[in-house]
Every structure is written in structure tokens, then in C-alpha cells.
> 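What follows is a single structure, and I will ask about it in a moment.
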Amino acid sequence: MEIHAAQTGPLEVNTFILPLAGRAVLLVDPAGCDFSGDEKKLAQVLDEHDCAPVGILLTHGHFDHVCGLKALRSSFPNLPIAIHVADQKYLGPDSVDVHKKSLGLMSWEEDDFLKDLSDLPLPNCLLKDGDSLDTIFKTEDIISAFTGDEVPDVEGVANALSHWRVIHTPGHTEGSVCFYNESEKVLISGDTVFYQSYGRTDLPGGNEDQMQKSLSEIFETIPDDVLVYPGHGAYGFEIGANK
């Protein structure tokens, strides 16, 4: 599996492009926005690799991982957005007040950035632990995401989606998740697992005890040779490197 990546947004989130079938891909944590001057970056990377997105996955709802949604939706208006049910408060027209709390704790006073966090689109799909992504993104979602006369390989996309499973990993936020593909030995870990580290737990939604429980579950159930693709920093390392 060839996963493309772009660092987007003011905190250089790892935005991943997950291949499905044909040109169809999923986008994880788009963060390119007007404030950081890279709102067109992801669309350019998709064009360079001749990819057609059919959905957006969010590992959690913190501002640095969702600030690119408005810009991306302007380029791809039909893309469904999926986030864990416990983090849905980070999206929608009232979510800017939630993001202000996180920004305040980080001593950010960037009013211009709030424009990218205002009136965020609502999620189309709410994730739960154990969900298979083929039950989240429906056939009609896949077809409507494509533009022009192109007909996507719906069966191939659905089959690829069936290999991805949601793992609820609260700790960084209440609704933090990882996306695990057992057959490809890939874990998209968001801000739960970094290289020899893990995400902070002092922002809204964070809980150190929950984080330690989530990390224990991951390290006990995911094989050491699975490759980890986190929300920031180095990616493509074996999960065994963190033990």
C-alpha cells in the first residue's frame, strides 16, 4: 500500500491519502487553510498523484486537524466527513467556541485563524469502536464524490474499505480513534501514538489515565511489525519501536 502524505496547516499535521481502488482515495485529517497559506496544497498533491477523494476521515477533532475542512470542501463539495461520535462537538457552526478553549490553553491569540474554524461543516458519518469503513461510506457517497462522467470502481472501493477498522483510543480527546488495516499492516494513529511518544492530554477532552489505557490496548493487540502513520512527525515506523 502506497500512502501519500502532505504536511498541512499551522502545526504541520500529517495529512494522509489512503489508496482504495482505481483513483479513489480517503483523506485523513486535512489541515491546509487560509491562515497557514496552504489551503490549495492538498488539492495539488491529489492532482499530482491523479487521485480522486471519496471521503474524509478525522482521527479526532482538535483545531489543527480540522482547520482544512472548509477549504477542502470548497474544492470537493460532496465529500462525506467521518469523526467519532464523542468528538462531533468539534464540527458544525457552534464548534468555534470549543476550539477557542484549546487555542487559549496553547496561548494562541490568532483571531485570523478563527475564520478557518468558524462554520465548519457538520459530519456525515459518526464512528464507533469496531466499525468497518465499508459500513461508514456507502455506495451513494462514493459515487457522489466523483465528478464529471467518471464511474468509480464501487465494488473495489467497498472491498478496500472493508479492510479498515476503527479503534476508539480516548486520551488525547474523548473521541480519538486509530484506523487499522490488518491485511496491509498499517495503523493510522492520529495523536494517540507518535514515534516513541504519545499525544498530550492537557487540552480539552484529554485524560492521561484513558491515554495510558488506550496505549496499552494498542501495544497488546497490534503486532510489532505494523507500520504507524501518526498525526505529526515521523511516520512509517514499526509500532514495536515504541515498546
> So does Tyr195 have more than 12 non-hydrogen atoms from other groups sitting under 6.0 Å from OH?
no
> Pick one: which of Leu20, Leu27, Leu26 meets side chain to side chain contact (heavy atoms under 4.5 Å, CB included) with Pro53?
Leu27
> State, to 0.1 Å, how close Ala82 and Phe137 come at their nearest heavy-atom pair, and which atoms those are.
CB-CZ, 3.9 Å
> Any side-chain to backbone donor/acceptor pair from Lys41 onto Cys33? Under 3.5 Å, distance only.
no
> Please evaluate residues Lys100 and Leu114 with respect to the criterion side chain to side chain contact (heavy atoms under 4.5 Å, CB included), reporting the C-alpha separation (whole Å), side-chain torsions for both, the decisive distance (0.1 Å), and the verdict.
CA-CA 8 Å; Lys100 283 181 180 179; Leu114 292 178; 3.8 Å; yes
> Does the plane of the ring in Phe35 sit parallel, tilted or perpendicular to the ring in Phe113? Use 30° and 60° as the thresholds.
tilted
> Give the cluster check for Leu91 versus Leu42: same hydrophobic cluster or not, with ILVMFWY residues linked at side-chain heavy-atom distances below 4.5 Å.
yes
> What are the two closest non-hydrogen atoms of Gly32 and Asp38, and how far apart are they?
CA-OD1, 3.2 Å
> Between His84 and Asp129, does any side-chain donor sit less than 3.5 Å from a side-chain acceptor?
no
> Taking Lys115's backbone N and O only, do any of them form a donor-acceptor pair with Lys70's side chain (distance below 3.5 Å, no angle check)?
yes
> Nearest 0.5 Å please: distance from the CD1 atom of Ile83 over to the CG atom of Leu58.
5.0 Å
> Should the pair Asp225-Lys185 be classified as a salt bridge under the 4.0 Å nitrogen-to-oxygen rule?
yes
> Can you get from Leu46 to Ile81 by hopping between Ile, Leu, Val, Met, Phe, Trp and Tyr side chains that sit under 4.5 Å apart?
yes
> If only side-chain N and O atoms count, and only distance matters, is there a donor-acceptor pair under 3.5 Å linking Ser183 with Asn181?
yes
> Give a yes or no on this: more than 12 heavy atoms of other residues, nucleotides or ligands lie within 6.0 Å of atom CD of Glu140.
yes
> Is it the case that more than 12 heavy atoms not belonging to Glu208 sit under 6.0 Å from its CD atom?
yes
> What pair of heavy atoms forms the shortest contact from Leu79 to Val54, and how long is it?
CD2-C, 3.6 Å
> Under a 4.5 Å side-chain heavy-atom rule over Ile, Leu, Val, Met, Phe, Trp and Tyr, are Val228 and Val186 clustered together?
no
> Report the distance from atom CG of Asp209 to atom NZ of Lys213, rounding to the nearest 0.5 Å.
10.0 Å
> Looking at Asn14 and Gly233, what are the two nearest heavy atoms and their distance?
ND2-O, 2.9 Å
> Is there a donor in the side chain of Gln44 and an acceptor in the side chain of Glu48, or the other way round, less than 3.5 Å apart?
no
> Does Asn78 offer a backbone N or O that forms a donor-acceptor pair with the side chain of Arg73 under 3.5 Å?
no
> Can you name the ring-ring contact (aromatic ring centres under 6.0 Å, His included) partners of His172, sequence neighbours left out?
His60, His62
> With a 4.5 Å heavy-atom cut-off, do Cys178 and Thr59 have their side chains touching?
no
> Should the heavy atoms of other residues, nucleotides or ligands under 6.0 Å from CD of Glu12 be counted, would the total exceed 12?
no
> Between Thr192 and Thr169, do the side chains contain an N or O donor and an N or O acceptor separated by less than 3.5 Å?
yes
> Quick check for you: to the nearest 0.5 Å, what is the distance between Leu69 atom CG and Leu120 atom CG?
6.0 Å
> Mind checking the OG-CG spacing from Ser36 to Leu11? Nearest 0.5 Å is all I need.
9.0 Å
> Between His65 and Gly231, is there a donor-acceptor pair closer than 3.5 Å when you use the side chain of the first and the backbone of the second?
no
> Given 3.5 Å as the limit, does a donor-acceptor pair link the side chain of Asp134 with the main chain of Ala158, or not?
no
> Could you please spell out the steps behind the ring-ring contact (aromatic ring centres under 6.0 Å, His included) verdict for Phe16 and His4?
CA-CA 6 Å; Phe16 295 115; His4 300 299; over 10 Å; no
> A side-chain contact here means heavy atoms from C-beta on lying under 4.5 Å apart; do Asn207 and Thr201 qualify?
no
> Can you check whether Glu217's main-chain N or O pairs, donor with acceptor, with Glu220's side chain at less than 3.5 Å?
no
> When you compare the side chain of Met211 with that of Leu215, does any pair of heavy atoms fall below 4.5 Å?
yes
> Between Lys138 and Thr135 (side chain of the first, backbone of the second, donor and acceptor by atom type, cut-off under 3.5 Å), is there such a pair?
yes
> State plainly whether one hydrophobic cluster holds both Phe76 and Ile17, where clusters connect Ile, Leu, Val, Met, Phe, Trp and Tyr through side-chain heavy atoms under 4.5 angstrom apart.
yes
> So for atom NZ, which belongs to Lys89, do other residues, nucleotides or ligands contribute more than 12 heavy atoms lying within a distance under 6.0 Å?
yes
> Compare all side-chain heavy atoms of Leu72 with those of Pro30 and state whether any distance is below 4.5 angstrom.
yes
> Apply side chain to side chain contact (heavy atoms under 4.5 Å, CB included) to Phe237 and Asn242, showing your working.
CA-CA 9 Å; Phe237 57 89; Asn242 281 32; 3.7 Å; yes
> Give me the atom names and distance for the closest heavy-atom approach of Ala31 to Asp64.
CB-O, 3.1 Å
> Please check: side-chain N/O of Ser214 versus main-chain N/O of Gly171, any donor-acceptor pairing under 3.5 Å?
no
> Just so I know, are the side chains of Tyr198 and Gln212 near enough to count as touching, which here means a heavy-atom distance under 4.5 Å?
yes
> Can you find a heavy atom in the side chain of Ile239 that is under 4.5 Å from one in the side chain of Leu227?
no
> Could Asp224 and Lys243 be called an ion pair, given the rule that one side-chain N must be under 4.0 Å from one carboxylate O?
yes
> So how far is it from Glu184 CD to Ile3 CD1, rounded to the nearest 0.5 Å?
8.5 Å
> Do the non-hydrogen side-chain atoms of Asp116 and Glu39 ever get within less than 4.5 Å of each other?
no
> I'd like to know if Trp164 and Ile167 are part of one continuous hydrophobic network [Ile/Leu/Val/Met/Phe/Trp/Tyr, side-chain heavy atoms within less than 4.5 Å].
no
> Under 3.5 Å, is there a donor-acceptor pair between the side chain of Thr15 and the main chain of Asp29?
yes
> Hey, what do you get for CG (Leu18) to OH (Tyr229), rounding to the nearest 0.5 Å?
9.5 Å
> Apply side chain to side chain contact (heavy atoms under 4.5 Å, CB included) to residues His99 and Tyr90 and explain how you reach the verdict.
CA-CA 7 Å; His99 294 299; Tyr90 292 99; 3.7 Å; yes
> Within the side chain of Thr173, is there an N or O that forms a donor-acceptor pair under 3.5 Å with the backbone of Ser176?
yes
> Closest approach of Leu127 and Val177, non-hydrogen atoms and distance?
CD1-CG2, 4.5 Å
> Let's go through Asp87 and Glu174 carefully: what are the C-alpha distance in whole Å and the side-chain angles of both, what is the deciding distance for side chain to side chain contact (heavy atoms under 4.5 Å, CB included) to 0.1 Å, and is it a yes or a no?
CA-CA 7 Å; Asp87 270 14; Glu174 300 102 320; 4.0 Å; yes
> Do Asp131 and Lys128 have side chains that get closer than 4.5 Å, going by heavy atoms?
yes
> Would you mind checking if Arg23 and Asp50 are paired as a salt bridge, meaning a charged N to carboxylate O distance below 4.0 Å?
yes
